[in-house]
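Please read the structure below before turning to the comments.
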Amino acid sequence: MLKSSVTFTQFSSPLKDWPGDAVLVFVGDADANEAKAAKLEQREALEPYGAYIDDLIQRGDFSAKKGEVFRVPLFWEGEAKNLYLAGLGDSQKADASVLRDTLASALRRIGREHNNSVLVSACSRLAVDPTSAGAALGEAAGLCGYSFDKYKKKDEAEADERFVLKEVLFPAGMFDPKSVEQGGIFAAAQSLARDVANEPGNVINPPILGEVARRIAEENGLTCEVWDDRRLALERMGALLCVGRASTTPPCLVHLVYKPTGGRGRKKAGKIALVGKGITFDSGGLNLKPSDHIKTMKGDKTGACNVLAIMAGVAALKLDAEVHGIMAVAENMPGGGAVRPDDIVRARNGKTIEIENTDAEGRLVLADALAFASELRPDVIIDIATLTGACAVALGNWTAGLFTADDALAEALSRSAARRGESLWRMPASDEKIGESLKSKVADLVNSGGRYGGATFAAMFLSEFVDKGIPWAHIDIAGVDFMKEESGVYSRGASAWGVRTCLDYITEGGWRA
Ligand code: BES
Ligand code: MN
Ligand code: ZN
């Protein structure tokens, strides 16, 4: 079962009674001004450090700028070994996202500076309510220590930087304990998705990803079925099959199921289908990618890794919904057996597709997976995919694209994304003129329509495989799946963007509203 990487403990006694490694105190600009004008309001509560913090602010050593983390040199035998101050900037504007990112940077540093435990406190009441603050703390603490370095020989300098933070203590009045625990599980799910997504293509190929899914399903009490290429042919999944044809490792489809035990009847609880793009490596196929674009394409399986991790999260949180996770898995390679431009393939729902470009493979594997998901008659379908460079060009590296015709679904997902600090922007899900370019002269559809409007084209292509009566959203994470530098809750490498948003959506029962 998924478990948070750090343990969380409530601690509501005065700071001076805390004998552990470190104390982290949040300071907003209002506190800073107060300290400069007179004396910190909460000075008593901050003893034995209050007067000292007061002094530091008055001298201008620490200005409480947003994201600023300051290690306070302690000259006397303090109760704790280390004291850190973290700036929130404008205290009124410091929302949960600011808190989450600042917590992550501060806790990351505290962990790297050999503190095993930290007590989190603040100079004055946070502007963020305890539920949101608790979630932010759980997520930040659970994510900030993440690194993917299992293949790296650790030299001494780096060993010295090893993250050791294991325990986070917090006052329950400031951070709601249940939300903290839940945030820790969200983070654990996201870390799991990162672990799988970060593995290179020579380690994780389609059959291996199927095995990984089986193992994780078993560990988390999910049922799991893996369809190999022979079964895919029997199931008429010609679109998924054609993408994997030139790889030496055949494609597969993974179907994970979570069913709530007891509680409400199935009907009331609702049924959700999540679909993920799982291209273990996207070379582009015969339309081979140029050098600049082929690197990092091990990350093209992130959607499927996210779905797998969300399923584990749903099980760990014992959520009250029937959830289906579908991973469409293939390796897109060139070769003698590869699918060619001009080829015509038939998808599971009977529609024929003319291959215009073999690098537009994600929509092909998703086509069959979405048709399959529709057959399950869920209340809602959400797919997550590193689908188009166009989406990355439009929104940049920090915001994912949301495509849906369903306003209520868009609103619920946007709310979940905002609550969990994952930036999501709604894009046009359809366009009459782009729709016309979907038509083929020789088949029902073409799989590519050129560069302009590429993200909307892809979304419209996918919609051809979703049953019209089912609310459906497509999330394009091509721009956000891979982080070049660490920042806030992100470490270098796979971000697993979307895991927190989707878990929040399912937790909140967003489809019921
Ligand atoms: N996996 C890529 C999309 C991608 C691009 C993900 C950049 C992450 C970062 C996808 O399979 C792809 O190659 N899309 C093409 C589609 C085109 C051929 C219509 C693209 O976006 O260029
Ligand atoms: Mn591609
Ligand atoms: Zn791709």
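When a ligand or atom number is given, it counts from 1 through the structure's own listing order. The figures that follow rest on heavy atoms only: side chains count, while hydrogens, waters and symmetry mates do not. Numbers for residues simply follow the sequence, beginning at 1. A quick note: this is a predicted structure, and the numbers were derived from the prediction, not measured.
Annotation: atom 22 (O) of ligand 1 to nearest protein heavy atom, Gly389 N, 4.5 Å. In this structure, atom 15 (C) of ligand 1 lies nearest to the protein heavy atom Asp359 O, 4.0 Å. If you check which protein heavy atom lies closest to atom 19 (C) of ligand 1, you get Ser448 OG, 3.5 Å. The protein non-hydrogen atom at the shortest distance from atom 16 (C) of ligand 1 is Arg363 NH2, 3.7 Å. The shortest contact between atom 2 (C) of ligand 1 and any protein heavy atom is with Asp282 OD2, 3.6 Å. From the protein, the heavy atom lying nearest to atom 8 (C) of ligand 1 is Ala478 O, 3.4 Å.
Compare Asp300, Asn357, Val365, Leu387 by their heavy atoms: the one nearest to atom 1 (N) of ligand 1 is in Asp300. One option in Gly479, Ala360, Gly449, Gly362 has a heavy atom closer to atom 17 (C) of ligand 1 than any other, and that option is Ala360.
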### Message
The test is side-chain contact (heavy atoms from CB on, under 4.5 Å); show your working for Val307 and Ile326 and say whether it passes.
### Response
CA-CA 7 Å; Val307 166; Ile326 298 150; over 6 Å; no
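Taking 2.8 Å as the threshold, Asp359 counts as a candidate ligand of the Mn ion (ligand 2), since one of its N, O or S atoms lies below it. Not a single N/O/S atom of Gly362, whether from backbone or side chain, sits less than 2.8 Å from the Zn ion (ligand 3).
Between Tyr151 and Phe148, the angle of the ring planes goes over 60°, which puts this pair in the perpendicular group of the 30/60° scheme.
Taking the six-membered ring for Trp and the full ring otherwise, Trp472 and Phe403 have centroids separated by 6.0 Å or more.
In terms of distance to the Zn ion (ligand 3), the nearest N, O or S atom of Asp300 is named OD2. Closest N/O/S atom of Glu361 to the Zn ion (ligand 3): OE2. Per residue Asp282, closest N, O or S atom to the Zn ion (ligand 3): atom name OD2.
Between Glu361 and Lys289 no salt bridge is recorded (no basic side-chain N to carboxylate O distance below 4.0 Å). Salt bridge annotation for Arg348-Glu375: present, with a cationic side-chain nitrogen under 4.0 angstrom from a carboxylate oxygen.
The shortest separation from a heavy atom of Met297 to ligand 1 is under 4.0 Å, placing the residue in contact. Within the structure, the closest approach of Lys289 to ligand 1 falls below 4.0 Å when heavy atoms are considered. Put simply, part of Lys277 is less than 4.0 Å from ligand 1, judged by heavy atoms.
Where the criterion is an N or O separation shorter than 3.5 Å, residue side chain and backbone included, Asp481 fails it with respect to ligand 1. Residue contacts with ligand 1: Thr388 is placed with no nitrogen or oxygen under 3.5 Å of a nitrogen or oxygen of the ligand (distance criterion only).
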